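All figures in this text were calculated on a predicted structure; none of them were measured in a lab. Lettering follows sequence order; numbering is per chain, from 1.
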Number of protein chains: 2
Amino acid sequence: MFCKTNPETRKTKPETMRTIKLTISYDGTLYKGWQSQKNGKTIQDEIEKAIEKVLAKKHVLYSASRTDAGVHAKKQVAHFKTSSAISLVKIPLALNTALPDDIAITKAELVPDSFHARFDAKIKHYCYHVYNSHNRDPFKEKYSWRVPYKLNVALMKKEALVLAGEHDFKSFQAKDKIERPSVRKIHKIIVRKNKSDIFINIEGNGFLYNMVRSIAGTLVDIGRGYLPQGSMKDILKSKDRTKAGPTAPAKGLFLIEVKY
Amino acid sequence: MFCKTNPETRKTKPETMRTIKLTISYDGTLYKGWQSQKNGKTIQDEIEKAIEKVLAKKHVLYSASRTDAGVHAKKQVAHFKTSSAISLVKIPLALNTALPDDIAITKAELVPDSFHARFDAKIKHYCYHVYNSHNRDPFKEKYSWRVPYKLNVALMKKEALVLAGEHDFKSFQAKDKIERPSVRKIHKIIVRKNKSDIFINIEGNGFLYNMVRSIAGTLVDIGRGYLPQGSMKDILKSKDRTKAGPTAPAKGLFLIEVKY
C-alpha cells in the first residue's frame, strides 16, 4: 500500500523514459561525417545541438552507421533515450526548425527500450553513384564521382556478382582501420545504368571501413579495362587491399536505408 | 595585284574573328544571378574571368537570359567574339578547369558573326519545381520550393492552360521592373506531377521580369484553394499584378533550354 513511494520501484521503473528512433536524411558535403569530433562540424553534433535546443537537455545519439566525411544519407537511423514528454509528431517538426537545411529528420518513432540503432541493424543498403561523362554537371558534382573513361558496364555488373554472399572482405578494407573479423555478407549487389549515371547498389549485414567505396573503385577500374576480366574473384581471394582498386570519393556514396 | 595589303580589305574582313556560342549549366545557389554587378559573385563574372585566364584577354559575354539571383540553368546560352585561335573542342575543357564546380560549359560552337544569344533566341524553356511535402528533403532544398499544403494538381493543370497563347502578361510582371510592351506568347505550359514533385514547364518567345515565378506562385495559390477555380482567366484579364499570387522563390526556377 505504501509501495507507490518506494524509491527502489521508482528507480527500476522510470515510466517516463522513452527510446526514440529517428530517420535522418542529410547532404554530407559540408560535414566531417556523422560522428562527433573535436574539430569540424558533424551530423551527430548538429542533431544533438538541435535536440538540446528543443528538449532543453543534452541527449546522446547512437546511429546505425558512422558515415564518413562527405558521405550522404537518405535514411540514416539513430536513437536516443529521453524523459521528455514531447509528442512523437512534434519531434521532426521541432528538430527540423532547429537544424540547418542540409539535415532533416524525416520520421520519429517510439521503439522498445532494448532497441539500438547500430547493434540491431540487420541490413544496410548503400548506393554508390558514378557519373560517366566527359562533361561536368554542376547538379551532380557534389553527389557523384565523375569518371570520364568509357566503362564496360556489362562487365562491371558481372564482376560485381562475385561479391554476393558471405566472404572475407579484407581486400576492401581501409588499411588504417582494420576490423576483425572481416567476414561480411552481401545480400544483394546490383549495378544499374541510366544514360550517363551508373548506380552500384549494395545491401549487406555490415560493412568494413571504406568497403563500399573500395568496391566502387575496383568496379570502375574493371569497367575501364585497367583491371582484367575475372579480377574481382582474384582480388577477393587475395585478402590483400593493394590488389583492389582505389577508394572512390566519399561524395558519390549514399546510405540509402537501414533495415531492422 | 596589290590588293592583298589594302588596309580597307583588312578592316572589313577580320578573318580571324570568330563568334563562339557557349552552352552553360549552373547551380545558381551561391550567385547574384547571371549579370555582372559591382557587389557579389555572378555567373557572367565567373565565366568572363575564366575566359580571360584561358585566352589571356578580356572578352564580353552576352547571354540569352539574365537569370536572377539563385536561379539555376541547365542549358543557358551565351556568345562572345574572339580573335583567339583556340580550337572549339578545347574551349569547354579549358574553361571548366578555370571555373568553379557549380558552373560548367557543356558545349562550344562556332556561329555566324551575326548571331546574338539574346536577340536571336526564338523559344526559352523554363521549369519551376515545387516540392509538395511536409518534410524537408536536404537534396531538394536548394532546387525547389517546398509547399506543405495539399495541392489540387488537376486544377493547377487546367488553370495553367489559360495562359497558353499570346497575351498581355502585365499581371505577372514584377512591379519594379516594368517592360513595355508586355505581350508575350506562351507556346507550351504543362504541369506534371511525379510523387511529391510538381514541375511547371513553360516555353515561350520571351518572359517579363519574374513572370515564370509569378505564374508558379499563382498556380500554387490556386492549387491550395487560396484562389478559386477560374482565377487565372480573371487575373490575366485584370492586367493587375496585385491580383496574381506571390512570386515563387528563385531557387525552384531552372532555365532548361534556349532554342534558336
Item to check | Taking every non-hydrogen atom, the tightest pair across B:P100 and A:R136 | outcome: O-NH2, 3.1 Å
Checklist entry - Going by residue number, which parts of residues 116-126 of chain A are within reach of chain B, meaning a heavy-atom gap below 4.5 Å? => result none
Checklist entry - Where along residues 188-219 of chain B does a heavy atom come under 4.5 Å of chain A, listed by residue number? => result none
Next on the checklist: What part of B:K142 gets within 4.5 angstrom of chain A, counting heavy atoms only: side chain, backbone, both, or neither?
Outcome noted: side chain
Next on the checklist: Within residues 71-89 of chain A, which residues come under 4.5 Å of chain B, heavy atom to heavy atom?
Outcome noted: A:H72, A:A73, A:K74
Item to check | More than 12 heavy atoms of other groups within 6.0 Å of B:R66 CZ | outcome: no
Checklist entry - Does anything in residues 22-36 of chain A get under 4.5 Å of chain B by heavy atoms, and if so which residues? => result A:S25, A:Y26, A:D27
Next on the checklist: Could you check whether atom NZ of B:K90 has more than 12 heavy atoms from other residues, nucleotides or ligands sitting under 6.0 Å from it?
Outcome noted: no
Checklist entry - Measuring heavy-atom distances to chain B, does A:N135 have an atom under 4.5 Å in its side chain, in its backbone, in both, or in neither? => result side chain
Item to check | Aromatic plane relationship, B:F139 with A:F254 - under 30° parallel, 30 to 60° tilted, over 60° perpendicular | outcome: tilted
Checklist entry - If you draw a 6.0 Å radius around OH in B:Y149, do more than 12 non-hydrogen atoms from other residues or ligands fall strictly inside? => result no
Next on the checklist: Can you confirm whether B:D102 sits close enough to A:E141 that some side-chain heavy atom of one is under 4.5 Å from a side-chain heavy atom of the other?
Outcome noted: no
